[in-house]
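Everything below concerns the one structure shown next.
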Amino acid sequence: MNWYRMTIHTVTEAVEALSYRLEEELGAKGVEISDPKDILMQKKNPLDWDYVDEEQTYVYIRCY
């Protein structure tokens with residue numbers, strides 16, 4: 001089976017609406033979201049660390 005992947009560049013605020021539209025209304029079989037702000041939104045232990053590019057303002061949504 002052949003799959004097509006489409007990548008959309010957007011902002012964090014639009015992720016939920018776009019994901020819904022892609023899956024429910026346009027028939028995408030799966031959605032992958034890559035948002036660098038996810039790490040910043042989690043409450044973490046002060047001793048934990050992870051790299052995140054705080055300058056990156058876009059989100060990738062990939063659908064199949």
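Along the sequence shown, residues carry numbers from 1. None of these values were measured; they are calculated from a predicted model.
Heavy atoms only, all atoms of each residue included: V59 and V11 are closest at CG2-C, 3.8 Å.
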**OP:** Step by step, work out the side-chain contact (heavy atoms from CB on, under 4.5 Å) result for I61 and D35.
**Re:** CA-CA 9 Å; I61 298 178; D35 187 352; over 6 Å; no
Report, one line per pair, each donor and acceptor closer than 3.5 Å where one atom sits in a side chain of residues 13-20; sequence neighbours left out.
residue, atom, partner, partner atom, Å
S19, OG, V15, O, 2.9

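Qualifying salt bridge (charged side-chain N to carboxylate O under 4.0 Å, His left out) partners for E32, counting only residues two or more places apart in sequence or in other chains: R62. Applying the salt bridge (charged side-chain N to carboxylate O under 4.0 Å, His left out) test to E25 and every residue at least two apart in sequence or in another chain returns R21.
Between H9 and Y60, the ring planes lie perpendicular to each other; the angle is over 60°, past the 30° to 60° tilted range.
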